[in-house]
Amino acid sequence: MRILIQNGRVLDPASGRNGSFDILTEDDKIIKVEEKIDAEKAGAGKVIDAGGCFVMPGLIDLHVHLRDPGLTHKETVETGAMAAARGGFTTIVAMPNTKPVTDDKQKVSYVHNKAKMNAPIHVLQAGAVTKGQEGKELADIEGMAEAGAPAISEDGKSVMDSGLYREAMKIAARAGIPVLAHCEDINLVKGGVVNADEHTEAMGYRGISNAVEDIIAARDIMLARETGVHLHLCHCSTKDSVRMVKEAKEEGLFVTAEVCPHHFTLTSEDIVEGDTNFKMNPPLRTKEDVEALRQGLKDDIMDVISTDHAPHAASEKLKGMDAAPFGIVGLETAVPLTVTELVEKGILTPMQMAEKMSYNPAKVIGVDRGSLEAGKEADIVIINPKEEYIIDASCFASKGRNTPFNGWKVRGKVKMTICGGRIVYDDSKK
Ligand SMILES: NC(=O)N[C@@H](CC(=O)O)C(=O)O
Ligand SMILES: [Zn+2]
Ligand SMILES: [Zn+2]
């Protein structure tokens, strides 16, 4: 089966193509990219008109919580993957804070096998750093890497024992996989639920200061220097995280970093009192931090936009600001928030969007994706950057509806997601 995508604006960081091109796929591969491809001569079984749309390599999300196994009332491999396809993603990396924790090769394979059977897109399972994420004993990092884990991560917490973490980094470096670092000094959190500032204090909430993140980010960069591991900082939220990543890169360290849409869109001033859809970890910070994150993305200090898709059941989120779990869903709002907040405002070029949502994340985990060149896997997303619509959480494919963006008027609609040459999401067929 051949699919021809015509008239779109191709944005392909790998080749530098940025303009009107047609793309022809056959089975699971891209076979031709040219200025004009004739549908009949090409033998196309399906012709897609992408006029007015961005055509990018399928998006890659390095930070997703699928909750499978053990927390499948929140999400499953299948529902999370469907949400990803609907959001324009063709590859996602699942975090290991499942129940039980994904900390050995059998558990990594469980998710990979389930995804191969039932998921419309590629799902890669990251392995935990320590057994049970207890921070005491290292997990079988080598074994998990052999089973195809693209990275290790203790996401949800930091490994507070620096000696143990350094050992993990050495093993990851040998195995050739990155460490995805959640930076949080738990001893400084002290029951905090939102950013520590005067706004949140006025609402009577306990705060999480920037130092909670910055101290561990600094430590992890020092350990990356010592071990040579590829350190990738997750969900950066502070201005000093951006500064430290900049300095690490200037020094030539193997450090990359990601920013989530909620962190470049909202500040703690946007928090609606009592609405736990504004509670996530790290928390929404100040205007100064948001400005630094945006500038860091613009200047290519920050490499990746990831979602930290963290679905929770409505009943759990109703427990009030103190007791509700941290986290919001993100797979189905990442594209419109990136288009509306960054591309439309001239902070990122469309090409930078393709870099940060596909090309760069592919490089972080070392997969041969994120490219629209002939011969590559036919993972493609078509986005209409001008289409305006209202975010409606009740339409999400995810089981999670916990988003502060419900009802927002946005621009940038995912029109079609193609994975391995198959149409896995078509906005015209709802
Ligand atoms: N981000 C969150 O607020 N929550 C995540 C954990 C994490 O990413 O640290 C979760 O698993 O729910
Ligand atoms: Zn985290
Ligand atoms: Zn996370």
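Every number for a ligand or one of its atoms is a count from 1 in the order of the listing. Only a predicted model underlies this, so the values are computations on that prediction, with no experimental measurement involved.
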Listed partners of His235 passing ring-ring contact (aromatic ring centres under 6.0 Å, His included), at least two apart: His63, His182
Nearest protein heavy atom with distance in Å, relative to atom 10 (C) of ligand 1: Arg67 NH2, 3.4 Å
Sub-2.8 Å protein N, O or S atoms surrounding the Zn ion (ligand 2): Asp155 OD1, His182 ND1, His235 NE2
Results of side-chain contact (heavy atoms from CB on, under 4.5 Å) for Ala248 - residues two or more places apart only: Ile221, Leu253, Val255
Residues Ser428 and Asp426: side-chain donor-acceptor under 3.5 angstrom: yes
Salt bridge (charged side-chain N to carboxylate O under 4.0 Å, His left out) assessment of Glu332 paired with Arg86: CA-CA 6 Å; Glu332 292 164 88; Arg86 194 165 174 274; 2.7 Å; yes
CD/Glu373: more than 12 non-hydrogen atoms of other groups inside 6.0 Å: yes
Pair Asp303-Lys356, salt bridge (charged side-chain N to carboxylate O under 4.0 Å, His left out): steps then yes or no: CA-CA 6 Å; Asp303 311 86; Lys356 289 173 204 295; over 6 Å; no
Residue portion contacting ligand 1 (non-hydrogen atoms closer than 4.0 Å) for Asn97: side chain
Option with minimal heavy-atom separation from atom 5 (C) of ligand 1, where the choices are His63, His65, Met95: His65
Enclosure of Lys131 NZ (heavy-atom neighbours >12, cutoff 6.0 Å): no
Ligand-side contact atoms (ligand 1) for residue partner Met280, heavy atom cut-off under 4.0 Å: 3 (O)
Atoms of ligand 1 close to Phe326 [distance to a heavy atom under 4.0 angstrom, numbered from 1]: 2 (C), 3 (O), 4 (N), 12 (O)
Ligand 1 contact on His235 by region, counting heavy-atom pairs under 4.0 Å: side chain
For His230, all residues meeting ring-ring contact (aromatic ring centres under 6.0 Å, His included), sequence neighbours excluded: Phe254
Location of contacts on Glu184 toward ligand 1, heavy atoms closer than 4.0 Å: neither
Check: Asp155 main-chain N/O paired with Gln133 side-chain donor or acceptor under 3.5 Å: yes
Per-residue contact class, His309 against ligand 1 - non-hydrogen pairs under 4.0 Å: neither
Shortest protein heavy-atom distance from atom 1 (N) of ligand 1, along with the residue and atom involved: Asp308 OD2, 2.7 Å
For His312, the ligand 1 atoms whose distance to one of its heavy atoms is below 4.0 Å: 12 (O)
Proximal atoms of ligand 1 relative to Gly156 (non-hydrogen, under 4.0 Å): 6 (C), 7 (C), 9 (O)
